[in-house]
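Written below as structure tokens is the structure these notes are about.
Whatever order the structure lists ligands and atoms in, that order sets their numbers, starting from 1. Just so we're clear, the structure is a prediction, and the values are computed from it rather than from any experiment.
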Amino acid sequence: MDIAEIPAVPEWLTEHLRDQGIESLYPPQAEAVERGVTQGENLVAAIPTASGKTLIATLAMLSSVDRGGKALYIVPLRALASEKQEEFAEFEAYGLDVGVTTGNYESEGGWLAGKDIIVATSEKVDSLVRNDAPWLDDLSCVVTDEVHLVDDGERGPTLEVTLAKLRSLNPDLQTVALSATIGNADKLADWLDAELVDSDWRPIDLKKGVHYGDALQLEDGSQKRLAVDRNEEQTAAVVRDTLAEEGSTLVFVNSRKNAEAAARRLANTTGKAVTGEEEERLAEIAAEIRDVSDTDTSADLADAVEKGAAFHHAGLSREHRSLVEEGFRDRLIKVVCATPTLAAGVNTPSRRVVVRDWRRYDGTAGGMQPLSVLEVHQMMGRAGRPGRDPYGEAVLVASSHDELDELFERYVWADPEPVRSKLAAEPALRTHILATVASGFARSREGLLDFLDGTLYAEQTADRRRLETVVDDVIAYLDVNGFLEQTAEGLSATNLGHTVSRLYLDPMSAAEIIDGLEDGEPTPLGLYHLVCRTPDMYQLYLRSGEDEEYTMLAYEREDELLGAAPSEFEDGFEDWLSALKTARLLEDWASELDEDEITETYGIGPGDIRGKVDTAQWLLGAAESLAAELDLGVGSQIREARLRVEHGVREELVDLAGVRGVGRKRARRLYDAGIEDRTQLREADKSVVLAALRGREKTAENILENAGHRNPSMDAVDADEETAAQAREADATEETADDQANLGDF
Ligand code: ADP
């Protein structure tokens with residue numbers, strides 16, 4: 001279908017698509033249009049990675065907005081939200097307003113009312129529904145990216161319930177759901193009352209195969225010689241072979257550590273293939289990577305990039321990730337070793353894909369488990385760059401003849417599994433039942449069951465009694481903990497229940513926090529431990545031998561730990577210790593320990609500190625609200641612990657570090673120069689400020705302006721000599737003299 005023939009889209013679109021080199025629709029896109037996606041029809045599009053799903057979404061949203069409506073695009077990961085927003089921001093040239101919202105759960109996002117297209121995660125949308133964001137009533141089109149993730153045990157239920165709520169709020173809402181190819185797309189279409197486009201079409205041929213011995217065996221029965229040198233790993237041989245054809249390779253492995261190790265090793269292979277000019281450009285990228293942060297992860301990444309290899313995983317900061325993606329797209333970086341987490345969303349096609357690990361550690365199963373066909377096919381789908389490569393090749397790696405056969409059976413010839421709702425799990429229902437009652441979607445047990453009838457779970461379950469039993473258990477739990485009341489009229493949320501739902505807390509987290517706060521005078525460590533114990537925090541794992549270390553710590557600081565402690569022989573003890581480890585990380589961060597020291601001590605990446613800090617900040621904010629609601633009189637202690645962890649500073653720096661642009665290191669430098677708080681900064685001698693900030697005029701001006709200084713200009717200001725001398729001395733004693741302001745700079 002020629003793009004000029006698409007009905008009901010804004011006039012400017014044809015020209016705009018032409019400018020992007022899009023002349024006609026891909027077949028699945030044309031089918032979506034024929035099924036009415038630009039005319040308000042619901043649609044499920046289950047098509048392979050890289051087959052142009054985004055354009056289907058765009059067509060739906062633009063036509064809907066053109067009719068005077070408002071569109072919402074739901075992404076599965078925070079990391080993808082800003083990426084999508086940047087993509088849609090190009091429509092601002094035509095007068096559309098595009099916004100993204102990923103921020104705090106409790107903010108209600110009133111500013112979004114004026115936007116035409118809004119990008120958000122499903123958790124954020126769920127929270128907006130709970131907070132009654134009024135503009136939700138104006139939505140005319142909702143697009144869900146990667147809807148097959150309803151199958152995800154942790155996040156799927158939120159997506160499922162959120163879609164059901166949006167649809168029940170507004171029965172005329174157009175629902176467009178984009179999915180990978182799955183076994184039961186028709187069921188998703190039934191659930192959403194949608195038309196279905198279910199297709200295997202790809203813009204570029206994909207050949208799947210398995211490498212074994214000295215050969216690459218492809219699914220069509222053909223074989224290619226692909227010899228492995230002595231002392232060479234198979235993956236390296238594939239990379240070398242691809243380089244010989246001037247192609248790049250994306251290697252999927254099963255953990256962050258493995259991604260880093262593989263990149264380090266494969267750098268030896270790529271290093272031999274980069275040219276002199278490429279070397280220079282790679283060195284520039286490496287320098288930018290080092291500038292982002294001064295951690296080991298950053299240094300390791302830069303070292304690999306210098307030789308044309310890189311790793312990519314969710315422990316990296318956003319800046320690191322974009323530098324890697326850009327370098328790969330510009331064909332300077334020849335190999336990227338990645339974990340599957342971000343693979344689905346990030347648009348980094350390559351000539352070849354190697355799925356090196358097809359098993360991954362799974363804590364719930366207590367061992368290595370094979371990846372799903374769906375996941376492996378999604379990774380494989382990244383192979384082949386349309387317009388550049390004749391075809392893409394996706395390769396699994398076998399180390400024995402038996403494994404070769406198994407991989408063909410299990411992945412190459414297999415169909416992806418069907419998607420199944422995970423809503424019936426208790427933690428999911430606990431959260432969503434409270435929210436559904438609190439936001440008035442249901443006012444009785446029957447109403448609740450009726451609402452749940454609009455979910456995929458109901459679509460897939462013939463046995464309504466099973467759902468009823470779980471629902472009854474959950475209602476009882478919420479009642480006992482004071483979140484819900486059962487009366488003759490039906491169900492209603494208590495004030496506390498409303499607060500918990502608005503705060504987006506798992507009710508079990510709220511119960512745990514309240515119990516701990518009732519225990520007395522909290523210290524920062526006690527509070528960090530308390531929030532780290534809740535099911536809303538991902539705890540750090542205990543490495544072997546650490547049990548003892550943290551058991552000792554638990555005894556030493558027993559007085560500070562809130563609530564009842566499990567005995568060493570109880571089941572929950574290990575989790576309780578993991579929470580203590582996580583809490584000590586937060587305490588170290590809030591005691592101004594260097595970032596690289598923390599990453600080393602805890603064996604994590606800089607992005608992980610950020611993640612823990614964000615979650616702790618949110619949970620402590622929630623604890624503050626709960627303390628206020630219940631009049632527990634510990635608000636100021638919680639606030640201090642929260643601000644310290646937010647800025648990563650000791651108590652005396654909280655005020656200074658709160659000035660925009662200051663951050664933990666600069667706050668300490670200003671403090672050491674005698675400027676102790678925001679007021680003093682506003683009145684400060686500019687030459688002292690400049691010296692404390694190591695002579696950086698722009699930084700100094702910026703900070704003074706943010707502090708509200710009358711005249712922040714640094715023109716004709718000289719750094720104060722005495723302060724500068726002190727600063728030099730301090731830098732000399734500091735191991736790593738960087739100028740990293742705070743985590744927000746990542
Ligand atoms: P998916 O979301 O399905 O993985 P994308 O929507 O990111 O895939 O599309 C992959 C690439 O194909 C993008 O670079 C996009 O610009 C391009 N593309 C999409 N539709 C067309 C088309 N009809 N003609 C040419 N290129 C297209």
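At a 4.0 Å heavy-atom cut-off, ligand 1 does not touch Pro203 at all.
Nearest approach of Ser127 to Tyr504, heavy atoms of both residues: CB-CD1, 3.5 Å.
For Glu277, the salt bridge (Lys or Arg N to Asp or Glu O under 4.0 Å) partners at least two apart in sequence or on another chain are Arg281.
Under a 4.0 Å heavy-atom criterion, Pro386 is not in contact with ligand 1.
Residues Leu128 and Trp135 meet the side-chain proximity criterion, which asks for heavy atoms closer than 4.5 Å.
Just one of Leu139, Asn42, Leu72, Leu136 meets the side chain to side chain contact (heavy atoms under 4.5 Å, CB included) condition when paired with Leu173; it is Leu139.
Taking every non-hydrogen atom of Lys53 and a distance limit under 4.0 Å, the qualifying atoms of ligand 1 come out as 1 (P), 2 (O), 3 (O), 6 (O), 8 (O).
For ligand 1, the polar-atom distance check against Gly52 finds a nitrogen or oxygen pair separated by under 3.5 Å. Considering backbone and side-chain N/O of Gln29, one or more are found under 3.5 Å from N/O of ligand 1. By the 3.5 Å distance cut-off applied to N or O atoms, Arg382 is not counted among the residues near ligand 1. Polar contact check, Leu25 against ligand 1: no nitrogen or oxygen pair lies under 3.5 Å apart.
Annotation: His16 is in aromatic contact with Phe91 [ring centroid separation under 6.0 Å].
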